[in-house]
Amino acid sequence: MIEIPTVAAAIVAGAALVAVPMYGGTALAWLVTNHRWFVVMVFMMPLSVVVNTLFHLNNMIMFTWARLTGAGIDLHIRRVRKVQDAIEAWIAAGSKSRLTSSRPGWQTMSLRVGKYKETSTKIPVMHLSNIVNVDLERMVVFCEPMVTMGQVTQQLGPLGLTLPVVPELDDLTVGGLVCGVGIESSSHKYGLFSHTCTMYELVTAEGKVVRCTADENAELFKAIPWSHGTLGILVGVEIQVTRLKPWVRLEYQPFSNESAAVAACREAFERQDLDYVEALVYSKDEWVLMRGTMVDGPDPKDGVVNRIGNYWKPWFFTHVQKYLASGDGVEYIPLRDYYHRHTRSLFWEIQDIVTFGNQWWFRYLFGWAMPPNISIMKRCQTEELRRLYELHHVVQDMLVPVSTLQECMGVVAKHFDVFPIWICPMRIFEEDRGFLKPTESGEQMFVDVGIYGVPGSGSGRPGKTSFVADKSCREVENYVRKVEGFQMLYADMYQDREEFRTMFDHTLLDEMRQRMPGTTSAFPEVYDKVCKSARH
């Protein structure tokens, strides 16, 4: 069967090369850097529609074929064999380089491209993009690592199933959410995405396939989350599924006082009867807390129906902001619309690229093509634009103990001055202690403070503050480390190796890397893959 994702990836790579033949020095490169909205509209958006359609067709065909024929596992074994063959060929050639996945840096969610890929042997993984099997008796789904959250919600929804934790953006992959991090507004209840996984399948530096669960190879099972591909090549993940209800009843509660908002958030984060909890912060004292519960259908006496996934609808974060003026409200939102509520506007990042993107005429005429594919945007990024983003833009997620939330907001405002801010709770369970762990005092509830935007935008002075990328980020990193929090590693990270090892507990990961033959020579440490000097 034809691998449509391979064709789509070739289209993206080839078209992007045509669009920006060199990073700087051409009129087209100048256009991409200085008038990105134009390039997004006339090139990236149409290409994104083509690529996304190809991926969707492939996903539907492969998933239906596997369920009708029962051949999902057999096809998966063949695809994994390609990974083993590549590693065995590397061994036969003398194991002279490090190993890395073949996934291009511009197709990852990281803001930068890893330099280590340039000198490493690339192991094929892009063909591992299928939902292999759904086990209704055990209530689990077996996925390959390149399966995206868009695939999962599209394919499981018609079966009446969903995942306990469905991270927001369509393009996030299962492998990235396991080996990196995955969080969503249900994480106050279920923890991180990796906490809902029941089995991992890994190809080691010896070319062997190893399965691990909480009972089989249990230490390896705990070490894989956040390992960033430093233990082997992830080739399969088994994830819990739950029965879904098709609607979300969403309560909006605005606040005009930070202390009151933080207190309400902390109370909501502890409520296990809520399926979803998050808050958006528009200034120091302007918060909107959202509490969601899955329901069978709308109650017209209780609230209004809002199909926020329709392409002509206002961007979600702008819709939420209106409750600051109107007061409390209740809406009923289709479940898949809720899952991907921030996708069309990429939270609020797209407003800095297409400044008029939320105007009614743009939404009605072009909203169906939004958002542009993130990989395509990265592939078309010029060196000048990359540097501008590095020096004058913040994209960070800091995970801090909930008891420090209000203090953390002050630190973030001082050094970044960016609004809106995303507030999303997450629990780190003691039994899942590994690279992450609860605080020394036993605090398990953490909060993701998501900061995305131009420094100074919070006070209406974009680009006119004392923000200095490395200095400001290091100040916030120092604070997060002091309160026993964590930094998401897709973003720029300025810590040195010692500071990084203080923030993250390497005990189990180091032990597993030493215990598994050939691992330390085949795969670098996590720090050497995520530190600022390892990316460009």
K.L.:
Measure the spacing between CE of Met290 and CD1 of Ile333 and express it to the nearest 0.5 Å.
P.N.:
9.0 Å
K.L.:
Can you confirm whether Ile350 sits close enough to Trp315 that some side-chain heavy atom of one is under 4.5 Å from a side-chain heavy atom of the other?
P.N.:
yes
K.L.:
What is the distance from atom SG of Cys143 to atom CG of Leu163, rounded to the nearest 0.5 Å?
P.N.:
7.0 Å
K.L.:
Could you report the tightest heavy-atom contact between Glu278 and Leu289, atom names first, then the distance?
P.N.:
O-CD1, 3.5 Å
K.L.:
Is it true that a side-chain atom of Thr318 and a backbone atom of Pro314 form a donor plus acceptor pair closer than 3.5 Å?
P.N.:
no
K.L.:
With a 4.5 Å heavy-atom cut-off, do Val480 and Leu399 have their side chains touching?
P.N.:
no
K.L.:
Do the side chains of Ser256 and Asp285 get nearer than 4.5 Å, heavy atoms only?
P.N.:
no
K.L.:
Any donor and acceptor pair, going by atom type alone, linking the side chain of Glu168 with main-chain N or O of Thr343 inside 3.5 Å?
P.N.:
yes
K.L.:
Would you say the side-chain atoms of Gln253 pair up with the backbone N or O of Arg291, donor to acceptor, closer than 3.5 Å?
P.N.:
no
K.L.:
Considering only heavy atoms from C-beta outward, does the side chain of Phe193 approach that of Val166 to under 4.5 Å?
P.N.:
no
K.L.:
Could you tell me how the ring of His319 sits relative to the ring of Tyr252: parallel (under 30°), tilted (30 to 60°) or perpendicular (over 60°)?
P.N.:
perpendicular
K.L.:
Report the C-alpha distance between Asp397 and Tyr452 in whole Å, list the side-chain angles of each, state the deciding distance to 0.1 Å, and finish with yes or no for side-chain contact (heavy atoms from CB on, under 4.5 Å).
P.N.:
CA-CA 8 Å; Asp397 283 88; Tyr452 327 118; 2.7 Å; yes
K.L.:
Answer yes if the side chains of Glu144 and Asn130 hold a donor-acceptor pair under 3.5 Å, and no otherwise.
P.N.:
yes
K.L.:
Quick check against the 3.5 Å criterion: does Gln151 have a side-chain atom that pairs as donor or acceptor with the backbone of Ser129?
P.N.:
yes
K.L.:
Go through it in stages, so that I can follow the logic: the residues are Ile233 and Val125, the test is side-chain contact (heavy atoms from CB on, under 4.5 Å), and I'd like the CA-CA distance, side-chain angles, deciding distance and then a yes or no.
P.N.:
CA-CA 8 Å; Ile233 304 295; Val125 297; 3.7 Å; yes
K.L.:
Less than 4.5 Å apart, any side-chain heavy atom of Pro124 and any of Lys122?
P.N.:
no
K.L.:
Which residue, Trp422, Phe316, Phe317, forms the ring pair (Phe, Tyr, Trp, His ring centres under 6.0 Å) with Phe347?
P.N.:
Trp422
K.L.:
Does Tyr338 have its ring centroid less than 6.0 Å away from the ring centroid of Trp247?
P.N.:
no
K.L.:
State whether a side-chain donor-acceptor pair under 3.5 Å links Thr293 with Arg249.
P.N.:
no
K.L.:
Got Asn358 and Ser345 here, is their nearest side-chain heavy-atom distance under 4.5 Å?
P.N.:
no
K.L.:
Can you check side-chain contact (heavy atoms from CB on, under 4.5 Å) on Arg307 and Val305, steps first, answer last?
P.N.:
CA-CA 7 Å; Arg307 299 180 182 273; Val305 170; 4.2 Å; yes
K.L.:
Taking all atoms of both residues into account, what is the closest heavy-atom pair of Val394 and Gln396, and its distance?
P.N.:
CG1-CG, 3.9 Å
K.L.:
With heavy-atom distances below 4.5 Å as the criterion, would you say the side chains of Val449 and Val400 are in contact?
P.N.:
yes
K.L.:
Set out, in order, the CA-CA distance, both residues' side-chain angles and the distance that settles ring pair (Phe, Tyr, Trp, His ring centres under 6.0 Å) for Phe356 and Trp361, then state yes or no.
P.N.:
CA-CA 9 Å; Phe356 45 81; Trp361 62 268; 5.6 Å; yes
K.L.:
The test is ring pair (Phe, Tyr, Trp, His ring centres under 6.0 Å); show your working for Tyr311 and Tyr364 and say whether it passes.
P.N.:
CA-CA 7 Å; Tyr311 67 82; Tyr364 275 89; 7.3 Å; no
K.L.:
Does Ser472 use its side chain to pair, donor to acceptor, with the backbone of Val468 at less than 3.5 Å?
P.N.:
yes
K.L.:
With distance as the sole criterion, is a donor-acceptor pair present between the side chains of Tyr494 and Glu475 under 3.5 Å?
P.N.:
no
K.L.:
Donor-acceptor pair, His195 side chain versus Leu192 backbone, under 3.5 Å?
P.N.:
yes
K.L.:
Measure from the ring center of Phe142 to the ring center of His76 and say whether it is less than 6.0 Å.
P.N.:
yes
K.L.:
Are there more than 12 heavy atoms of other residues, nucleotides or ligands under 6.0 Å from atom CH2 of Trp360?
P.N.:
no
K.L.:
Evaluate Leu161 against Val134 for side-chain contact (heavy atoms from CB on, under 4.5 Å), listing each step before the verdict.
P.N.:
CA-CA 10 Å; Leu161 302 174; Val134 179; 3.7 Å; yes
K.L.:
Using 4.0 Å as the upper bound for N to carboxylate O, is an ion pair formed by Arg341 and Glu184?
P.N.:
yes
K.L.:
Measure the acute angle between the ring planes of Phe366 and Phe362, then classify it against the limits of 30° and 60° as parallel, tilted or perpendicular.
P.N.:
tilted
K.L.:
Counting N and O atoms only, with roles assigned by atom type, does the side chain of Thr153 sit under 3.5 Å from a partner on the main chain of Gly150, one being a donor and the other an acceptor?
P.N.:
yes
